[in-house]
Structures are given as structure tokens and as C-alpha cells.
Asks: 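This is the structure I want to talk about, given as C-alpha cells.
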Amino acid sequence: MKIRSVNAYQVYDSRGTPTVEAEIELEGGERGHGMVPSGASTGQFEALELRDADPSRFRGKSVFKAIANIYCEIAPALVGWDVRDQSGLDRKLIELDGTPTKSRLGANAILAVSMAAAATAALAQRRPLYDCLGQGRGTLLPLPEIQIVGGGAHAHWRTDVQDFLLVATGAKSFQEVMEITFNVHRAAGDLMAKRGTLYGVADEGGYWPEFSTNEAVLQFMTDAILYAGYTPGRDAAISLDIAASDLYDPQTQRYSFRLEDRSFTSAQFADLQIGWCERYPIVSIEDPMADTDWDGWSAIASALRHRIQLIGDDLFTTNLERIRTGIERNVANAVLIKLNQIGTVTETLAAIDMTQQAGWNPVVSARSGETEDGFISHLAVATNAGQLKVGSFVRGERMSKWNEVLRIERDLGPNARFIGSSILERIAKSGAQGPIELPLEP
Ligand code: PGA
Ligand code: ZN
């Protein structure tokens with residue numbers, strides 16, 4: 001299963017922004033593809049995507065240099081390589097680039113090829129991608145976190161909190177998650193139309209509403225669950241992505257809510273969220289604190305880690321060293337997993353593995369600039385990650401991920417497992433323990 005050629009071209013993500021697609025062709029003629037997403041509220045510790053920065057073309061966003069790097073440097077190094085050797089191939093890509101942030105060849109160039117290799121290997125072995133990636137061990141269908149209201153950098157700061165998400169905690173199957181989500185999503189739309197507060201649609205497809213405070217959205221989410229005929233906290237609950245790095249000023253060490261013209265010290269910001277958890281059915285918070293505010297993370301973790309899921313996204317950026325530090329300092333109990341934050345499939349699998357070894361939850365995630373590629377649905381099942389976050393319950397680039405899970409469910413047949421929200425309860429219980437010792441090498 002040797003690689004005959006590696007090709008690449010510019011395609012467009014869900015925001016219509018250029019991105020890289022790579023195609024790998026094997027000597028036997030099989031061809032697989034990999035397409036790279038892109039964030040808007042990116043973390044400062046992420047691998048770097050290479051953009052041309054030529055203002056006369058695509059407002060500087062074209063990716064022709066990354067594509068040239070695939071043709072000129074990556075392809076010659078990979079021709080003849082056995083595509084099944086994903087870890088060797090990824091190591092080669094990392095070596096070729098030679099920088100810690102993959103900035104020379106571009107994390108977008110590297111990841112497109114890495115994903116294309118995984119897809120092609122599965123195709124050539126006539127195995128579904130989840131089965132191949134997970135070496136036959138993946139059987140767990142993920143519990144989705146689905147955006148109802150989008151804010152922050154994805155909706156011109158209409159709200160400061162970036163994501164107000166729904167978790168169908170009462171669902172007994174993945175299909176029931178889809179039904180509960182459909183009902184609450186539609187109920188939320190009806191309620192906004194009734195109240196005249198709908199403003200538009202955010203980057204990940206969530207409603208972009210008119211609210212006067214961030215907390216008002218929590219009440220609205222609770223109302224929408226009730227309006228759809230469900231019991232908040234039992235059938236469906238709230239998950240938040242505060243994306244707090246975007247609200248933090250490292251100079252003043254304060255967090256700001258522009259909508260409410262308020263600012264908070266780190267301790268006040270933690271208290272605010274602890275109060276929300278007492279008043280609303282919140283089961284998970286992502287990035288409650290900024291990616292440099294480790295003390296803030298420690299403070300909120302000691303108050304909430306034993307009650308809810310606390311996910312680090314910008315804090316960890318799917319980076320093994322940062323995840324290791326977080327586990328040692330016990331500042332969270334879950335890690336958001338984004339392929340393009342780190343840049344290769346192998347490193348992403350290692351990040352998931354380290355997270356699971358610590359007894360924490362990996363949450364596989366899309367980006368705000370997404371593609372129609374269903375790779376992450378396969379990644380979530382392959383690794384038994386247990387959770388998947390891809391944005392809202394509308395728009396093709398989001399629905400393609402949920403639909404892919406439904407296809408995987410059919411493919412797994414009686415082997416498919418769904419444990420729903422017990423994955424959240426398990427983590428909250430384990431959070432009561434002290435710091436976890438990790439083996440030195442992943
Ligand atoms: P991003 O947002 O893709 O714009 O970074 C998603 C998230 O913060 O989880
Ligand atoms: Zn996030």
C-alpha cells in the first residue's frame with residue numbers, strides 16, 4: 001500500500017475562507033482526502049496555519065504557499081511510503097517541518113496530508129475509518145454538545161460567552177439525542193421569534209440573539225428546554241464554552257463582559273460561574289478561565305471539578321506538554337481535542353490517550369470554520385472518546401458530523417454502545433480525587 005503521489009489544492013471552508021485539501025494516491029489506485037478546518041477564537045499555543053498574507057488575494061487568506069510546500073517538500077518525502085504507517089509518516093512530517101509550531105510548512109499543509117493518509121489507509125484496507133484509526137477498539141458513540149446560541153468571536157460579541165450548548169442528558173441512544181436536540185433547537189427558535197429577539201446566525205449555526213446580559217441566555221436555554229416539553233437538568237442540560245482567553249486582559253488580569261460593561265478579577269469571574277452552576281442546569285464548562293490564568297483555573301477547579309465537567313480548550317490546545325501540566329496541576333477534568341491545534345493524526349491520538357489515562361474526558365471538537373469532512377466523527381468513535389462537539393443542529397458542515405455518527409452506528413450494528421451522560425457523572429465523581437500521577441512518557 002505504497003504512496004504513488006500526494007496532491008493538494010485550495011478549497012473553501014464553511015465561512016468561504018480558503019483551506020487546504022490533500023489527496024493521496026496509492027500505487028494500487030486508491031485515493032483518499034484530508035481537508036483542514038480553521039478556528040476564529042484560536043488559542044495562542046496552537047500549531048500555526050500558513051496563510052499567504054497577500055492582501056491582493058482572498059484578503060490575505062489564500063493557502064498557496066502551504067500547497068506549494070506539499071508539492072515541493074512533503075510529496076517527494078512520502079512517495080513510496082506505506083500509507084498504513086501513520087505514526088512513521090507523521091513523524092516524518094514533523095521532522096521535515098522542524099519547528100515546534102509547524103510554522104515552516106504550515107500546520108494546515110501537514111494536517112491535510114496526515115488526515116488524507118489515514119483516510120487512504122482505511123480505504124485501501126476496505127475498512128471504515130473509525131475501525132482503522134481505533135484498531136478495531138472503537139465502539140462508543142459520542143454524546144453530543146450542540147450549540148443553541150453562539151456568541152463571542154463567532155457572532156460579533158453579541159454575547160460575551162461564546163457557546164451556549166445543549167446536552168441531551170436524558171437520551172438513551174444517539175438517535176434520541178438527535179430528537180431531543182431537534183425539539184429544543186426548534187423550541188428556542190420559536191421562543192426567539194415570539195420575543196422578537198432573533199438577530200442572526202453565528203458562525204457555527206447557532207442563533208445569534210439580542211440579550212442584555214450573558215446570564216439571560218442561561219434562563220433562555222432553560223426556558224427553551226421547558227418549552228420543548230422536557231425537564232431541565234434531567235432530559236437536557238446546558239454546557240458552556242466561555243472562551244475566557246478572549247475576555248481576559250493579561251495586563252490588568254481582569255475579565256470583561258462588553259455586553260454588560262462589567263469587568264471581574266479572576267476570583268470574581270470564578271465566583272460568577274460557580275453561582276451560575278447553582279442556579280442553572282449546567283453540566284459542563286469549557287475554558288472558564290484564560291489560557292495563562294493557571295491560578296484562576298485551580299480556583300474554579302477546586303470548586304467545580306467534583307460537580308461538573310471542566311474542559312480545557314485554549315488552555316491545552318491538544319498539546320501533550322500542556323495537557324500533562326494540566327493533569328499534574330489538576331486544573332480540569334476534560335480536554336477539548338482539535339486535530340488542527342496540534343497538526344497530525346498521531347499527536348491527536350496521543351493527546352486523547354493521555355487524557356483517558358488520567359481518567360479525564362476527551363471531547364472531540366470541530367472548528368468554527370469547518371469542512372464537510374466527517375473525519376472527527378470517526379475519530380470520536382475510534383478512540384471511545386465519548387463526546388463530540390461540532391456546533392449547531394443546522395448547516396451541512398455541522399450536520400455531516402452527526403449524520404456520519406448515525407452511519408457509524410449502523411455499521412457497528414449490535415456492537416455500538418451509547419452511555420450518554422454517565423460519562424459526565426463519572427468524571428465529576430473522579431474529580432473529587434487529588435492530583436493524578438502520570439507515567440513520564442506518553
Ligand atoms: P474556534 O472555536 O474553532 O473558533 O476556535 C471553537 C471553540 O472555541 O471551541
Ligand atoms: Zn472552545
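Everything quoted here is computed from the prediction, not taken from an experiment. If you read the sequence from its start, that first residue is 1, and numbering goes on from there. Note that ligands are numbered from 1 as they come in the structure, with each ligand's atoms numbered from 1 the same way. These numbers come from the heavy atoms of this one structure, side chains and all, not from hydrogens, waters or symmetry mates.
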Asks: Could you tell me whether any N, O or S atom belonging to Asp163 is less than 2.8 Å from the Zn ion (ligand 2)?
Replies: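 Of the N, O and S atoms in Asp163, none lies under 2.8 Å from the Zn ion (ligand 2), which means no.
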Asks: Which of the numbered atoms in ligand 1 are below 4.0 angstrom from a heavy atom of Arg367?
Replies: 1 (P), 3 (O), 5 (O)
Asks: What atoms of ligand 1 come closer than 4.0 angstrom to any heavy atom of Gly39?
Replies: 1 (P), 3 (O), 4 (O), 5 (O)
Asks: Testing Pro288, Ser284, Cys277 one by one against Ile308 for a side chain to side chain contact (heavy atoms under 4.5 Å, CB included), which residue passes?
Replies: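 So, applying the side chain to side chain contact (heavy atoms under 4.5 Å, CB included) to Ile308 and each of Pro288, Ser284, Cys277, only Cys277 qualifies.
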Asks: If we count only N and O atoms by modelled type, under 3.5 Å, do the side chains of Asn361 and Arg426 hold a donor and an acceptor together?
Replies: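 There is such a pair (donor and acceptor under 3.5 Å, judged by atom type) between the side chains of Asn361 and Arg426.
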Asks: With the Zn ion (ligand 2) at the apex, how many degrees lie between OD2 of Asp241 and OE2 of Glu286, rounded to 10 degrees?
Replies: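 Rounded to 10°, it measures 80°.
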Asks: For a side chain to side chain donor-acceptor pair (under 3.5 Å) with Gln341, tell me which candidate from Asp313, Asp314, Thr42 qualifies.
Replies: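 Option passing the side chain to side chain donor-acceptor pair (under 3.5 Å) with Gln341: Asp313.
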Asks: Under 3.5 Å between some N or O of ligand 1 and some N or O of Ser41?
Replies: yes
Asks: For Asp313, counting its heavy atoms only, list the atoms of ligand 1 lying under 4.0 Å from any of them.
Replies: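 Result: 7 (C), 8 (O), 9 (O).
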Asks: Which residue owns the protein heavy atom closest to atom 6 (C) of ligand 1, what's the atom, and how far is it?
Replies: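 So the nearest neighbour among protein heavy atoms is Lys338 NZ, 3.5 Å.
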Asks: Using a strict cut-off of 4.0 Å, indicate which atoms of ligand 1 neighbour a heavy atom of Ser368.
Replies: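 Atoms satisfying the 4.0 Å criterion: 1 (P), 3 (O), 4 (O).
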Asks: Below 4.0 Å, non-hydrogen atoms only: which portion of Leu336 touches ligand 1? Side chain, backbone, both or neither.
Replies: side chain
Asks: If the plane angle is over 60° it's perpendicular, under 30° parallel, otherwise tilted; pick one for Phe269 and Tyr255.
Replies: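 It falls in the parallel class, under 30°.
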Asks: Return all side-chain donor-acceptor pairs below 3.5 angstrom for residues 214-226, not counting sequence neighbours, or 'none' if the list is empty.
Replies:
unit_1: Asn214; atom_1: OD1; unit_2: Asp160; atom_2: N; d: 2.8
unit_1: Asn214; atom_1: OD1; unit_2: Val161; atom_2: N; d: 3.1
unit_1: Asn214; atom_1: ND2; unit_2: Asp160; atom_2: OD2; d: 2.9
unit_1: Asn214; atom_1: ND2; unit_2: Glu260; atom_2: OE2; d: 2.8
unit_1: Glu215; atom_1: OE1; unit_2: Trp276; atom_2: NE1; d: 3.3
unit_1: Glu215; atom_1: OE1; unit_2: Arg279; atom_2: NH2; d: 3.3
unit_1: Glu215; atom_1: OE2; unit_2: Arg279; atom_2: NE; d: 3.2
unit_1: Glu215; atom_1: OE2; unit_2: Arg279; atom_2: NH2; d: 3.3
unit_1: Glu215; atom_1: OE2; unit_2: Tyr280; atom_2: OH; d: 2.8
unit_1: Gln219; atom_1: NE2; unit_2: Asp223; atom_2: OD1; d: 3.0
unit_1: Thr222; atom_1: OG1; unit_2: Leu218; atom_2: O; d: 2.7
unit_1: Asp223; atom_1: OD2; unit_2: Arg195; atom_2: NH2; d: 3.1

Asks: Please indicate whether any nitrogen or oxygen in Gly369 is less than 3.5 Å from any nitrogen or oxygen in ligand 1.
Replies: no
Asks: Below 3.5 Å, N or O to N or O, backbone or side chain included: is there any such pair between His154 and ligand 1?
Replies: yes
Asks: With heavy atoms of Asp241 as the reference, note each atom of ligand 1 found under 4.0 Å away.
Replies: 7 (C), 8 (O), 9 (O)
Asks: For Asp287, what residues pass the side-chain hydrogen bond (donor to acceptor under 3.5 Å, both in side chains) criterion, not counting sequence neighbours?
Replies: none
Asks: Answer yes or no: is there an ion pair linking Arg367 with Asp13, defined by an N-O contact shorter than 4.0 Å?
Replies: no
Asks: So, regarding Gln162 and ligand 1 (criterion: nitrogen or oxygen to nitrogen or oxygen, under 3.5 Å), is there a contact or not?
Replies: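 So ligand 1 has an N or O lying under 3.5 Å from an N or O of Gln162.
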Asks: Please find out if the Zn ion (ligand 2) and some N, O or S atom of Asp313 are separated by less than 2.8 Å.
Replies: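 Of the N, O and S atoms in Asp313, at least one lies under 2.8 Å from the Zn ion (ligand 2), which means yes.
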Asks: Examine His154 together with Trp208 and report whether their ring centres are nearer than 6.0 Å.
Replies: no
Asks: Between the side chains of Gln162 and Glu286, does any donor sit under 3.5 Å from an acceptor?
Replies: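 Gln162 vs Glu286: no donor-acceptor pair found between side chains.
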Asks: Classify the contact between Asp287 and ligand 1 as side chain, backbone, both or neither, using a heavy-atom distance cut-off of under 4.0 Å.
Replies: neither
Asks: For ligand 1, which atoms have a heavy atom of Lys389 less than 4.0 angstrom away?
Replies: 7 (C), 9 (O)
Asks: Could you tell me whether the side chain of Asp373 reaches within less than 4.5 Å of the side chain of Glu21, counting heavy atoms only?
Replies: no
Asks: Aromatic rings Phe182 and Phe393: how do their planes relate, parallel, tilted or perpendicular, breaks at 30° and 60°?
Replies: perpendicular
Asks: Mind checking whether Glu286 has an N or O less than 3.5 Å away from an N or O of ligand 1?
Replies: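 Right, the criterion is met.
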